[in-house]
2 protein chains.
Amino acid sequence: MELEKITKKASRSYDDACGAAHALDLIGERWALLVMRELMLGPRRFSDLRAQLPGISANVLTQRLEGLEAAGIVRRARLAPPASVQVYELTEWGLEAEPILLHMGMWGARSPQHDPTLYFSPASLMLSLRAKFEPARAATTDVSLEMRFGGESYTAAVQAGRLTTARGAPARADAVVSGQPVTLIELFYVKTPLEVLEGQGRLAVEGDRGALLRFADLWEMPPKAG
Amino acid sequence: MELEKITKKASRSYDDACGAAHALDLIGERWALLVMRELMLGPRRFSDLRAQLPGISANVLTQRLEGLEAAGIVRRARLAPPASVQVYELTEWGLEAEPILLHMGMWGARSPQHDPTLYFSPASLMLSLRAKFEPARAATTDVSLEMRFGGESYTAAVQAGRLTTARGAPARADAVVSGQPVTLIELFYVKTPLEVLEGQGRLAVEGDRGALLRFADLWEMPPKAG
DNA sequence: CGGCATCCGGGAAGATACTG
DNA sequence: CAGTATCTTCCCGGATGCCG
């Protein structure tokens, strides 16, 4: 009776040597991959993660961060003084999980049941750009954008067939666009005309509007499955 | 009171437009991705799936198959008479989830906590070969292998820098190797000498042993993370 | 025997409240 | 702001039983 408790393995494992099964042991719990998604563009503090992940509760976020830290995927860091706050960041190996997220995103977006009008986080937008970027299509494009989402700036730039996406404003921006991430999805993928989005007050553009349109031309919606 | 039950969304969703989040709504439940793994090499019947997934219970397998079928990832089929048994197979879109599994496998196998001595299914072995195949390294190799795992044959062949992996025996095999999948992992990745594995009675080879060794030379263990 | 439906116990997830 | 404590709900895993 007592022995059963001791023998019982700590936290359900698949006990499968397959690399994918072990990955699921580490990141297969609910919310884990979405926490990693939010960390893909750089360190985040606890409450920022909570804000970007509507629906997660504080105790679950605590548990996931603990688990990811124990697995060597996430590490705690402290920003340099004077802003010496604690943040969570992906380790190098954690960052290398990005292809999993990108392939999942491309595959999941093709589901017949996928609803692209729900909440969309800035990190999701930036990762979707990375996932669907086609270098050949962008060979002759040269654009640098600043995207502002509720006070936070992001960079999306294309030069010499290469895409740069990052948190923070670019050194030089051809255009600055403000709105919600989901609205940029509409512009880039659904191909809603820019004037319509501006007319609805959902998007504001400063600078070179042509640059924004050339950037938008680089993306398109993948075909639905089935 | 009654309304709450009706309004309550069917089975917890992330309510997130991110493609990866939606993918997790569909295949993020426990065992779902491993069921798909076992279907990646072709249709399987219920009890074969159970046998290849030690630890899954019948009711959970039923639920996962129902969920995957409702999502358009799996479909039921009936084999041609006289063997008119019901099998489960991936839809075309379900098959396209393979890159997710391959990247997860490569990433998970680099975990410091990964234990490659646990159970290993034939499907996992074949998918790991697909994941880690390097065409440049195999440009001049020409090998066709039959692998026998407990009465079931699999094909692994390399020709003109291309890898073919499938369930079923090849038309022509340079060598036929019998054993457990995990033993081939030792031969291909851990680089345990063939004579040792044979001496331990864990592997039996018929035909051209040099062909098996040339094939083994095409793979190597990726470096651990951290 | 294959393919489920049903019931039960334990544990993880979700919601809310609370604290340093 | 960054979590902890508590309570409830739901899912997972195991056992049993039904039925073609």
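What you see is a predicted model, and the numbers here were worked out from it, not measured in a lab. Numbered from 1 within each chain, the chains take letters A, B, ... in sequence-line order.
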Partner set under side-chain hydrogen bond (donor to acceptor under 3.5 Å, both in side chains) for [X], not counting sequence neighbours:
{"X": "A:Asp48", "value": "none"}
{"X": "A:Arg76", "value": "A:Glu69, A:Tyr88"}
{"X": "A:Arg167", "value": "none"}
{"X": "A:Ser128", "value": "A:Tyr189"}

Exercise for the section: Specify the residues of residues 31-47 of chain B, ordered by number, for which at least one heavy atom lies under 4.0 angstrom from an atom of DNA chain C. Expected result: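 Nucleic-acid contacts, sorted: B:Phe46, B:Ser47.
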Practice task
Could you check which residues of residues 48-71 of chain B get a heavy atom under 4.0 Å from DNA chain C? Sort them by number, please.
Solution key: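 DNA chain C contact set from residues 48-71 of chain B: B:Asn59, B:Thr62, B:Glu66.
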Exercise for the section: List in chain and number order the residues that pass ring-ring contact (aromatic ring centres under 6.0 Å, His included) with A:Phe46, two or more places apart in sequence or in another chain; answer none if no residue qualifies. Expected result: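 None.
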Problem - Results of ring-ring contact (aromatic ring centres under 6.0 Å, His included) for A:Phe215 - residues two or more places apart only - result: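 Per chain and number, A:Phe215 pairs via ring-ring contact (aromatic ring centres under 6.0 Å, His included) with A:Phe188, A:Trp219.
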Exercise for the section: Any pair with a residue in residues 108-128 of chain A that passes salt bridge (Lys or Arg N to Asp or Glu O under 4.0 Å), sequence neighbours left out, goes on the list, sorted by first then second residue, please. Expected result: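 Of all non-adjacent pairs touching residues 108-128 of chain A, those that pass salt bridge (Lys or Arg N to Asp or Glu O under 4.0 Å) are A:Arg110-B:Glu96.
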Exercise for the section: Scan for salt bridge (Lys or Arg N to Asp or Glu O under 4.0 Å) pairs involving residues 177-191 of chain A, sequence neighbours excluded, and state none if there are none. Expected result: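 Counting only pairs at least two positions apart or across chains, the salt bridge (Lys or Arg N to Asp or Glu O under 4.0 Å) contacts touching residues 177-191 of chain A are A:Glu186-A:Arg202.
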Practice task
Please tell me if the side chains of A:Gln113 and B:Leu26 come closer than 4.5 Å, counting only heavy atoms from C-beta onward.
Solution key: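 Answer yes - side chains close enough.
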Practice task
Name all residues meeting the salt bridge (charged side-chain N to carboxylate O under 4.0 Å, His left out) criterion together with B:Asp174; count only those two or more places apart in sequence or in a different chain, and write none if there are none.
Solution key: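 Per chain and number, B:Asp174 pairs via salt bridge (charged side-chain N to carboxylate O under 4.0 Å, His left out) with B:Arg172.
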Practice task
Using a 3.5 Å limit on both pairing distances, list the dot-bracket string of DNA chain C from the 5' end; Watson-Crick and G-U wobble pairs count, crossing pairs take [ ], interstrand pairs take |.
Solution key: |.||||||||||||||||||
